[in-house]
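This report concerns only the one structure given below.
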Amino acid sequence: MSFPLASIAVYNSVVFGVFSNTLSLLSQYRDKSPRQSPDLFDLTVASMLSGCISVGIGGPVDLVKIRLQMQTQEIITGRRSLNQTQVPHKWHAVYNGPAHCMSCILRQEGIAGMYRGAGAMLLRDIPGYCLYFIPYTFLCEWITSDQHRAPSSFCVWIAGGLAGALSWGTATPMDVVKSRLQADGVHSTNYKGVTDCITQSYQKEGIRVFFKGITVNTVRGFPMSAAMFLTYELTRKAMKRTNME
């Protein structure tokens with residue numbers, strides 16, 4: 001977890017920064033008042049751009065995390081015991097840590113190897129961030145009775161939590177595919193790409209495989225996103241107050 005923990009601040013600051021600055025640029029380009037609420041088109045463009053940028057930073061981080069987590073799992077070998085059952089074999093750790101993991105991937109697969117599963121991540125994050133920022137914005141406006149004042153901390157908490165739960169819940173199918181593609185290659189390579197991974201997973205485990213972990217993702221998404229949006233909004237207010245002074 002050291003690599004994700006070290007990069008999470010940069011990752012989220014870039015995502016939120018791209019979103020807010022894109023909205024600001026679109027507002028200036030279309031001669032809108034800064035106080036005017038962004039429309040659906042502006043929110044969609046800013047959210048999609050945030051999703052694209054997030055893959056550039058989050059892809060390698062997720063890859064290293066998943067490789068380190070999956071490297072010592074037990075897998076079923078082709079050997080059979082006397083009672084004709086397949087024998088699990090525990091693999092020894094391939095990587096010594098995040099730096100060694102990155103070094104091995106770069107040496108064996110090149111830069112492209114650091115972005116294994118990027119296609120699935122794009123399919124997860126582009127709609128995922130649309131269902132993250134757009135519901136948050138509209139929920140804040142709906143909960144706040146006076147449209148001319150900023151939403152309260154409570155409104156931000158509730159809107160951010162609901163948006164996070166919705167986003168992570170709907171992103172689960174592609175998150176499953178992304179994780180399988182990124183874990184692929186630790187000991188063997190089973191998938192040729194996103195379509196092949198979806199096809200093989202469906203044929204072996206059925207439609208339910210794409211919804212594994214949806215409850216955990218949805219429940220986790222609420223407090224995580226609520227805290228993130230609240231911190232973001234409070235930080236922006238503090239910075240504006242400091243600039244005014």
Side-chain angles (χ1 to χ4, degrees), residues 1-65 114-115 117-118 121-141 144 150-153 155-168 170-171 174-175 178 220-245:
M1 291 302 297
S2 58
F3 197 37
L5 285 172
S7 58
I8 189 69
V10 175
Y11 175 83
N12 283 313
S13 65
V14 169
V15 168
F16 276 80
V18 168
F19 175 76
S20 59
N21 282 290
T22 302
L23 283 182
S24 178
L25 288 171
L26 287 171
S27 178
Q28 292 176 15
Y29 178 75
R30 299 171 71 180
D31 294 325
K32 282 186 176 181
S33 169
R35 294 187 177 184
Q36 187 177 349
S37 298
D39 58 25
L40 182 59
F41 175 80
D42 290 358
L43 288 169
T44 302
V45 172
S47 300
M48 291 178 69
L49 186 57
S50 298
C52 291
I53 298 298
S54 72
V55 176
I57 303 172
V61 174
D62 270 9
L63 177 70
V64 171
K65 180 192 73 172
M114 294 299 297
Y115 288 92
M121 198 170 183
L122 280 169
L123 292 173
R124 182 197 71 172
D125 284 3
I126 291 177
Y129 276 113
C130 287
L131 292 172
Y132 191 61
F133 288 115
I134 296 174
Y136 167 75
T137 303
F138 287 138
L139 281 169
C140 278
E141 292 178 359
T144 305
S152 66
S153 297
C155 291
V156 171
W157 178 270
I158 294 298
L162 290 173
L166 173 65
S167 175
W168 273 106
T170 53
M174 289 313 302
D175 189 51
K178 180 216 56 120
R220 179 195 68 169
F222 189 98
M224 180 180 70
S225 299
M228 203 175 301
F229 273 110
L230 183 59
T231 304
Y232 168 70
E233 295 290 359
L234 291 176
T235 303
R236 286 187 67 191
K237 285 182 182 178
M239 292 175 71
K240 285 181 179 179
R241 195 178 304 117
T242 302
N243 290 334
M244 288 177 65
E245 293 174 355

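Side chains included, hydrogens not; waters and symmetry mates left out as well; all remaining heavy atoms used.
Between F229 and Y136, the two ring planes are parallel [angle under 30°; tilted spans 30° to 60°]. Note on ring orientation: taking the six-membered ring where Trp is involved, the planes of F133 and Y129 are parallel (angle under 30°, cut-offs 30° and 60°).
Atom CE of residue M48 and atom CG of residue L43 lie 13.0 Å apart, to the nearest 0.5 angstrom. Atoms CG and CD1, from L139 and I134 in turn, are 11.5 Å apart once rounded to the nearest 0.5 Å. In this structure, C155 SG and L230 CG are separated by 11.0 Å, a value rounded to the nearest 0.5 Å. Distance check, rounded to the nearest 0.5 Å: CD1 of I158 to OG of S152 gives 9.5 Å. To the nearest 0.5 Å, the span separating CG on D62 from CE on M114 amounts to 11.0 Å. Between the CG atom in L49 and the OG1 atom in T44 there is a gap of 12.5 Å [rounded to 0.5 Å].
Across all non-hydrogen atoms, the minimal contact from V10 to S13 is O-OG, 2.9 Å. Contact detail for P127 and L123: the closest heavy-atom pair is CG-O, 3.0 Å. Between S20 and Y232, the closest heavy-atom pair is CB-OH, 3.2 Å. The shortest non-hydrogen separation linking G58 to M121 is C-CE, 3.5 Å. Contact between T231 and T235 at its shortest, heavy atoms only, is O-OG1, 2.6 Å. Taking both residues in full, the closest heavy atoms of S167 and G128 are given as OG-O, 2.7 Å, listed atom of the first, atom of the second, then distance.
Distance alone, capped at 3.5 Å, is enough to place a donor-acceptor pair between the S225 side chain and the G221 backbone. No side-chain donor-acceptor contact under 3.5 Å links D42 to the backbone of P38. In this structure a side-chain-to-backbone donor-acceptor pair under 3.5 Å is present from N12 to I8. Listed for the S24 side chain is no donor-acceptor partner under 3.5 Å among the backbone atoms of N21.
Side-chain contact between M228 and Y132 is present, with heavy atoms from C-beta onward closer than 4.5 Å. Residues F222 and W157 meet the side-chain proximity criterion, which asks for heavy atoms closer than 4.5 Å. Inter-residue side-chain proximity for S153 and L234 is flagged as met; some heavy-atom pair is nearer than 4.5 Å.
Checking each of D125, I126, V45, V15 against S50 for a side-chain contact (heavy atoms from CB on, under 4.5 Å) leaves exactly one that passes, namely V15.
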